[in-house]
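Per chain, numbering begins at 1; letters A, B, ... match sequence-line order. Only this structure's heavy atoms are used, side chains among them; waters, hydrogens and symmetry mates stay out.
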Protein chains: 2
Amino acid sequence: MATGRTHRPATRSRGIPEATVARLPLYLRALTALSERSVPTVSSEELAAAAGVNSAKLRKDFSYLGSYGTRGVGYDVEYLVYQISRELGLTQDWPVVIVGIGNLGAALAGYGGFASRGFRVAALIDADPAMTGRPVAGIPVQHSDDLERIIEQDGVSIGVIATPAGVAQQVCDRLVAAGVTSILNFAPTVLSVPDGVDVRKVDLSIELQILAFHEQRKAGEDTGADGDAEHTPAVVPPAPRGPAGTGGRKGPDGDVPAVMPA
Amino acid sequence: MATGRTHRPATRSRGIPEATVARLPLYLRALTALSERSVPTVSSEELAAAAGVNSAKLRKDFSYLGSYGTRGVGYDVEYLVYQISRELGLTQDWPVVIVGIGNLGAALAGYGGFASRGFRVAALIDADPAMTGRPVAGIPVQHSDDLERIIEQDGVSIGVIATPAGVAQQVCDRLVAAGVTSILNFAPTVLSVPDGVDVRKVDLSIELQILAFHEQRKAGEDTGADGDAEHTPAVVPPAPRGPAGTGGRKGPDGDVPAVMPA
DNA sequence: ATTTGTGAACCCGTTCACAGCG
DNA sequence: CGCTGTGAACGGGTTCACAAAT
């Protein structure tokens with residue numbers, strides 16, 4: 001192990017920063033909307049506003065893809081749509097399997113944005129024999145016994161897990177063993193996968209808990225502690241609202257309670 | 001999020017880093033599982049493994065909450081469950097409204113993890129009159145005309161948007177005007193909200209596109225763990241270690257066009 | 001005159017490694 | 001000893017501000 005002395009200058013790094021990759025879909029969506037309105041070019045400022053980021057970040061992001069803009073003018077919408085699509089791999093057709101056709105799985109199967117851009121629902125898979133053959137969103141559900149066959153037959157490399165948490169890891173293992181190398185996990189569990197397999201998780205309750213954290217802070221400590229009055233809200237300035245029922249703890253009075261474990 | 005520039009100067013130790021907040025639910029979930037198994041204490045190493053992070057990060061995270069561990073021993077599970085719950089505001093009961101009871105909204109309404117920890121579905125709201133009164137997951141759907149009344153009556157501060165993208169901004173505006181200050185957005189749109197309102201988005205197609213990006217990269221280049229390896233055009237199969245890896249077949253059909261280096 | 005593209009400064013989060021305490 | 005708690009080093013990402021290009 002090098003003791004942190006060796007730098008990795010990464011000259012000619014072909015790697016696009018992860019944070020940038022995560023924003024490309026956002027840009028693409030905004031650009032697609034512009035494209036449909038036949039807008040020929042956009043400035044970084046306009047596009048950034050549409051995507052909900054600031055313009056410097058957007059320009060920096062695009063700089064990693066290469067120089068696709070024209071100074072003094074902006075970016076060519078169609079060209080940029082193509083370049084980003086290609087960069088994201090959306091010029092290809094990605095077959096996807098959804099495992100676990102409960103309420104959520106069914107909703108995902110019917111989700112429009114799924115089929116829209118490069119992704120195709122290749123199969124719906126469920127462990128319940130009663131589901132087998134039943135069409136969901138126009139696609140017949142197949143039994144999980146056939147999982148491996150389906151994946152290999154269709155060359156599926158992306159799997160969506162929408163099963164209960166209890167079986168998510170098993171499903172994941174089977175998917176990976178069958179050749180899937182990217183997994184989108186909706187089950188509230190930490191999946192462990194071998195190196196080289198990507199997992200992204202979508203977790204409703206985590207998101208809610210993060211919101212609750214901020215919500216709680218708003219209720220406790222607020223009332224003009226800001227001092228940054230550059231923004232004139234067009235809508236009603238939000239009044240902090242407490243949770244229902246319990247009076248609860250009022251709010252931190254600016255101090256961490258040094259409570260000791262009992 | 002809405003706030004961009006001058007945030008609070010982190011007046012006290014009250015400021016828990018955003019990245020830490022995002023992990024607290026993860027720790028809480030792991031701790032709850034331990035608690036149900038009546039495990040009295042955990043080391044940072046064990047808990048970190050269960051939560052899918054490394055132990056240094058976990059200890060640093062906990063250090064922001066205060067010193068809740070015992071050196072040489074570890075953390076008291078019950079105590080930590082309580083502390084994190086309190087920190088996240090989960091000792092309170094948060095009423096939540098879900099707007100847009102389509103496939104997704106219905107799935108969310110029935111989602112177990114919703115009601116489980118501090119969150120309560122106060123109302124389901126949909127614009128379709130045909131839905132009104134129909135029970136979904138045991139809760140009668142109410143018409144969106146009553147949105148403002150419902151929110152004010154129940155003191156709702158968290159709203160979930162599961163509508164089509166086209167109406168998401170309008171719904172958002174109404175929610176905010178009625179007093180909602182935290183929004184979880186499932187619609188594939190950028191929502192603009194006044195300062196002080198938190199928005200988190202869950203976007204299926206963005207997640208898929210990010211996966212596709214990495215998937216595409218795998219097909220052509222090594223997953224750069226370490227080392228420079230700039231001239232290795234050879235396709236290195238990820239070769240899932242473990243059970244029955246089927247070598248490196250990936251990509252939908254045929255070959256993936258190589259990425260063009262500058 | 002505009003607007004891109006980008007070095008450099010800055011900020012935040014992660015990792016390291018060890019001091020401190022049981 | 002083992003394990004936590006944390007300063008310090010490190011690295012990635014964001015923002016700034018301006019030079020370069022049209």
Please check this pair: side chain of T70(B) against backbone of V73(B), looking for a donor-acceptor N/O pair closer than 3.5 Å. no

In whole angstroms, the gap separating C1' of dG5(D) from CG of L58(B) amounts to 12 Å

With the sugar-phosphate defined as primed atoms, P, OP1 and OP2, and the base as all remaining atoms, what B/S/- string results for nucleotides 5-15 of chain C, 5' to 3', for protein heavy atoms under 4.0 Å? BBBB----SSB

Give a yes-or-no answer on whether the side chains of Y79(B) and Q83(B) include a donor-acceptor pair shorter than 3.5 Å. yes

Residue pair V180(B) / S182(B): nearest heavy atoms and the distance that separates them: CG1-O, 3.3 Å

In terms of side-chain heavy atoms, does D203(A) have a donor or acceptor partner in S205(A) at a distance below 3.5 Å? yes

Hey, does the side chain of K218(B) reach the backbone of T181(A) with a donor-acceptor pair shorter than 3.5 angstrom? yes

Taking the side chain from T20(A) and the backbone from I16(A), do they hold a donor-acceptor pair closer than 3.5 Å? no

Just how far, in rounded Å, is C1' of dT4(D) from CG of L47(B)? 13 Å

Whole-Å gap separating P (dT4(C)) and CG (D76(A)): 13 Å

Tell me whether R23(A) forms a cation-pi arrangement with Y27(A), defined as NZ or CZ under 6.0 Å from the six-membered ring centre and within 45 degrees of its axis. no

Is a side-chain N or O of E207(B) found less than 3.5 angstrom from the main chain of L204(B), in a donor-acceptor match? no

Among residues 29-38 of chain A, which ones have heavy-atom contacts with DNA chain C below 4.0 Å? none

